Number of protein chains: 2
Amino acid sequence: MTIQTRRERERAQREQQIVAAARELAETEGWEAVTTRRLAAEIEYSQPVLYSHFKGKTAIMTAVAVQGFEELADEVRVARIAAHGTREAVAAVATAYTGFARKRPALYDAMFTHAVDLPFARPDTPVHLRNGFDEILQAVQPLAADDDPGILAETFWASLHGLAMLERSGRLPADLHGARLDLLISRFAPAAT
Amino acid sequence: MTIQTRRERERAQREQQIVAAARELAETEGWEAVTTRRLAAEIEYSQPVLYSHFKGKTAIMTAVAVQGFEELADEVRVARIAAHGTREAVAAVATAYTGFARKRPALYDAMFTHAVDLPFARPDTPVHLRNGFDEILQAVQPLAADDDPGILAETFWASLHGLAMLERSGRLPADLHGARLDLLISRFAPAAT
DNA sequence: GCAGATCGGCTAGCAGCGCTAGGATCGGAG
DNA sequence: CTCCGATCCTAGCGCTGCTAGCCGATCTGC
């Protein structure tokens with residue numbers, strides 16, 4: 001009994017090690033440096049061990065992405081709660097969101113460019129994946145007026161995501177990030193609100 | 001002389017063949033199916049021939065992406081010119097842009113997810129890459145008010161890109177695309193303009 | 001306490017990838 | 001006719017994700 005629980009604990013630990021190693025490697029050297037051999041060396045086990053934990057490499061990347069969604073939601077929540085007033089909350093959320101994307105590009109990539117088959121926009125969407133969206137929803141809800149708050153949140157989210165992506169790939173000059181954010185907020189939360 | 005020109009012509013043709021084959025393969029089976037071997041078989045030459053035309057596989061993908069930028073700019077231009085009034089032009093541009101992304105997902109991916117090292121947002125950005133942006137700029141310019149039109153166009157572009165990407169990966173329900181687009185336009189081009 | 005089943009992790013290898021070295025072949029020039 | 005240069009191919013390198021099959025350690029039943 002105890003032996004078995006110890007084994008399960010060790011196994012769970014190792015699984016976390018794998019995810020952590022993948023994340024760290026991706027964040028320091030980019031996802032193209034994350035190979036199953038490299039990962040195996042990092043956790044000091046042989047390569048096939050990875051496959052007793054995950055179905056494949058993409059499953060490992062998905063696990064990293066899920067971590068990312070949790071952290072992103074946390075950071076956005078903290079920023080939103082600290083802000084006073086609707087417009088400030090929206091601005092705080094926007095800044096936190098794009099800041100996260102800029103601060104952790106590899107993680108953000110795992111979440112939005114790679115792990116494509118996560119169950120989003122479905123009734124069974126796990127809470128971890130919904131939380132980030134809910135933060136945006138909370139922030140922009142007062143601005144909905146006649147519009148559906150959900151649609152509004154989706155659209156605002158998409159705008160933030162688009163900014164993050166285009167800036168990250170150098171398609172938009174990075175130094176004007178603040179100006180773009182200001183403009184976006186001015187269009188969604190006009191004047192004094 | 002004539003022989004040499006014939007050779008050059010054939011060579012240019014073959015180069016176009018390669019790009020066309022890469023694009024078609026990507027659009028029908030996805031980019032993961034586009035391998036240099038597959039490509040070589042498609043043009044009925046051996047694999048190393050590809051490398052006498054392009055520096056590597058990514059260069060081929062970049063060539064496909066450039067084609068995409070030209071076509072996207074064309075489609076957006078046609079839509080914008082056909083529209084009357086500022087708001088209608090903005091709506092037309094938005095619909096054409098997101099429609100292109102939905103109609104040609106592989107091509108759009110090559111343009112924005114893969115070919116990362118295209119010279120954007122720099123003084124020497126080639127016209128092909130600027131044209132699409134300029135169409136957006138033309139459309140939204142009248143809405144700038146006190147804001148910089150360039151910043152406005154960048155932000156609007158980012159919103160469209162974000163919508164396209166999130167919808168494509170199933171992170172936003174596809175059937176509400178129109179509602180999101182309407183809302184976005186209502187925020188950038190309010191009421192009767 | 002010991003034989004047999006079970007499980008966990010390893011070594012080795014497969015098919016496929018992007019890319020390249022080196023040789024054959026073929027056309028034009030002297 | 002011979003040589004030379006360009007063109008294209010075969011073969012192969014080092015890497016990838018992934019898997020088959022073995023082997024030792026541990027757990028189970030007698």
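It should be emphasised that the depicted structure is a prediction, and the values quoted were computed from it without experimental measurement. A, B, ... follow the sequence lines: proteins, then strands. Residue 1 opens every chain.
Geometric assessment of B:R168 against the ring of B:Y108 yields a negative cation-pi assignment under the 6.0 Å and 45° thresholds.
Here C:dC10 presents its P atom at 14 Å from OH of A:Y51, a figure rounded to the nearest Å. In this entry the distance linking OH of A:Y45 with P of C:dG9 reads 6 Å, nearest Å. Here the P atom of nucleotide D:dT26 and the CD atom of A:E10 are 12 Å apart, to the nearest Å. Rounded to a whole Å, the CE atom of B:M61 is 11 Å from the P atom of C:dC19. Atom P of nucleotide D:dC15 and atom NZ of A:K57 are separated by 15 Å, given to the nearest angstrom. When rounded to the nearest whole Å, the span between NE2 of B:H53 and P of C:dC19 equals 15 Å.
Remark: B:V34, B:T35, B:T36, B:R37 in residues 31-44 of chain B come within less than 4.0 Å of DNA chain C through at least one heavy atom.
For A:Q47 against C:dC10, no side-chain N or O and base N or O form a donor-acceptor pair under 3.5 Å.
The shortest distance between the side-chain N/O atoms of A:R14 and the OP1/OP2 oxygens of C:dG8 is not below 4.0 Å.
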Output, in order, the C-alpha distance, side-chain angles, deciding distance and verdict of salt bridge (Lys or Arg N to Asp or Glu O under 4.0 Å) for A:E27 and A:R23.
CA-CA 6 Å; A:E27 288 188 334; A:R23 173 174 173 171; 3.4 Å; yes

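The aromatic rings of B:F188 and B:F156 sit perpendicular to each other, their planes meeting at more than 60°, with 30° as the lower class boundary.
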